[in-house]
Q: 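This structure is in structure tokens; I'll ask about it shortly.
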Amino acid sequence: MTTRAYAKINLGLRILRKRPDGYHDIETVYHQVNLFDELEFRLHERDVLLTSDYPAMPADHSNLCIKAASLLRDLTGMTDGVEIRLVKNIPLGSGLGGGSADAAATLISLIKLWNLDITANELHTLALTLGSDVPFFLNGGSAYATSRGEILEPFSLSFPYWIILVTPPVHVSTAWAYKNLKRDEPAELLGFKSALVGHLHDPTVLSKTLVNDFEPVVFKAHPEIKKIRDLFHEGGAELSMMSGSGASIYALTRSETVAKNLSQAAEGLGRVSVTRPFFSPSKQKDPEHS
Ligand code: C5P
């Protein structure tokens, strides 16, 4: 059984307040882009094994795919194992949710492979145990998210922009970014979904409403990341922003020429990927989307 796990960007990321459980309430819109890991699952008699083409990838219990399989076995009493082969294209720790996408793909695939009977609620709870944005990746697409990121309102977003994404070789820890945010007063919701739905073709309005609260903290510690955003703006991007807690930066433009120029300008600054307008993710190996 093979599947694809697509990365996401955050179209706006607002940190509202710190919660008593240590997490933060957020507001964001998750949106999947055309950058994906590939996973293959084969039954194994008893063990949960992972191999990956990516040398720096931990293949032990700290790996979210292995954790996902173990959680499912604990919940259901399943004793069968699985061999997982992971082809990693989404850069690690880049604000694109690669590990979370892989974890959600593992949950969904193993439920089929092991023929498990679990409820939608149980699946959602398992996903949230693995990480705040894992529930989003169970269905993917585009979704407005609040709470830790797990209260989801999926919506159809026919996105008219080219998305040029660059991940510089800088690692930003999400826990570090939250810790350094220092949110003394609760912040207001900004209404990212209504902005996207109501003003999708008006990047001037979008760039005023969509903000990423991590940018000041992360840009201060890593000015080289801000330089990429500035470069995108100077190159004609209609909007440019950091995704998640970084270090990936994306640019939006409706012009194919600007998209080509921006992706060329980004070469050499990090891993670049380009998503066409109106892209929608497909789990199958479909050449049209690759
Ligand atoms: O849930 P996840 O494992 O992705 O979170 C990583 C870290 O980011 C958490 O340990 C927490 O410090 C922080 N976090 C948070 N509020 C969220 C999501 C993550 O404080 N909504």
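As the structure lists them, so they are numbered: ligands from 1, and atoms in each ligand from 1.
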Q: Is the shortest N/O to N/O distance between Asp133 and ligand 1 below 3.5 Å?
A: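 No; the residue has no nitrogen or oxygen that sits under 3.5 Å from a nitrogen or oxygen of the ligand.
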Q: Got the closest protein heavy atom to atom 9 (C) of ligand 1, with its distance?
A: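 Of every protein heavy atom, Tyr23 CE2, 3.9 Å lies nearest to atom 9 (C) of ligand 1.
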Q: Is there a polar contact, in the sense of an N or O pair closer than 3.5 Å, between Arg148 and ligand 1?
A: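 Yes, there is a polar N/O contact under 3.5 Å.
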Q: Is it the case that more than 12 heavy atoms not belonging to Arg148 sit under 6.0 Å from its CZ atom?
A: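 Yes, CZ of Arg148 has more than 12 neighbouring heavy atoms, counting only those of other groups under 6.0 Å.
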Q: Within 45 degrees of the axis of the six-membered ring of Tyr23 and under 6.0 Å from its centre: does Lys18 put its NZ or CZ there?
A: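 So Lys18 doesn't make the cation-pi contact.
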Q: What residue and heavy atom of the protein are closest to atom 13 (C) of ligand 1, and at what distance?
A: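 Minimum-distance protein heavy atom for atom 13 (C) of ligand 1 reads Tyr178 CD1, 3.3 Å.
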Q: Say whether Ser245 and ligand 1 are in contact under the criterion: heavy-atom distance to a ligand atom below 4.0 Å.
A: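 Ser245: no contact with ligand 1 (<4.0 Å).
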Q: Can you list everything that forms a side-chain contact (heavy atoms from CB on, under 4.5 Å) with Leu72? Sequence neighbours excluded, please.
A: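 Leu72: side-chain contact (heavy atoms from CB on, under 4.5 Å) contacts with Leu107, Leu110, Ile111, Trp114, Leu116, Ile118, Leu126.
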Q: Are there over 12 heavy-atom neighbours, none belonging to Arg183, within less than 6.0 Å of that residue's CZ?
A: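 For Arg183, atom CZ is crowded (more than 12 foreign heavy atoms under 6.0 Å).
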Q: Just need the protein heavy atom nearest to atom 3 (O) of ligand 1, so name the residue and atom and give the distance.
A: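 Its nearest protein heavy-atom neighbour is Gly131 CA, 4.1 Å.
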Q: Applying side-chain contact (heavy atoms from CB on, under 4.5 Å), can you list everything that pairs with Thr209, at least two apart in sequence or on another chain?
A: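 Here the qualifying residues are Ala195, Val205.
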Q: Answer yes or no for atom 20 (O) of ligand 1: protein heavy atom present at a distance under 4.0 Å?
A: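 Under the 4.0 Å cut-off, atom 20 (O) of ligand 1 does have protein heavy-atom neighbours.
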Q: Measure the acute angle between the ring planes of Phe214 and Tyr178, then classify it against the limits of 30° and 60° as parallel, tilted or perpendicular.
A: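 Answer is perpendicular, since the angle exceeds 60°.
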Q: Is the shortest heavy-atom distance from the side chain of Met242 to the side chain of Ser248 under 4.5 Å?
A: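 A side-chain contact under 4.5 Å is absent here.
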Q: Closer than 4.0 Å to some heavy atom of Gly22 - which atoms of ligand 1 meet that?
A: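 Here the atoms of ligand 1 in question are 20 (O).
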Q: Please determine if Ser132 has a nitrogen or oxygen closer than 3.5 Å to a nitrogen or oxygen of ligand 1.
A: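 Indeed, backbone or side chain, Ser132 has an N or O that close.
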Q: Considering only non-hydrogen protein atoms, determine which one is nearest to atom 16 (N) of ligand 1 and report residue, atom name and distance to 0.1 Å.
A: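 Of the protein heavy atoms, His24 N, 2.8 Å lies nearest.
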Q: Counting only N and O atoms by type, is there a donor-acceptor contact under 3.5 Å from the side chain of Ser109 to the main-chain atoms of Thr106?
A: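 The answer is no, because no donor-acceptor pair under 3.5 Å joins these two groups.
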Q: Quick test: of every protein heavy atom, which one is nearest to atom 6 (C) of ligand 1, and how far off is it to 0.1 Å?
A: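 Answer for atom 6 (C) of ligand 1: Thr174 CG2, 4.4 Å.
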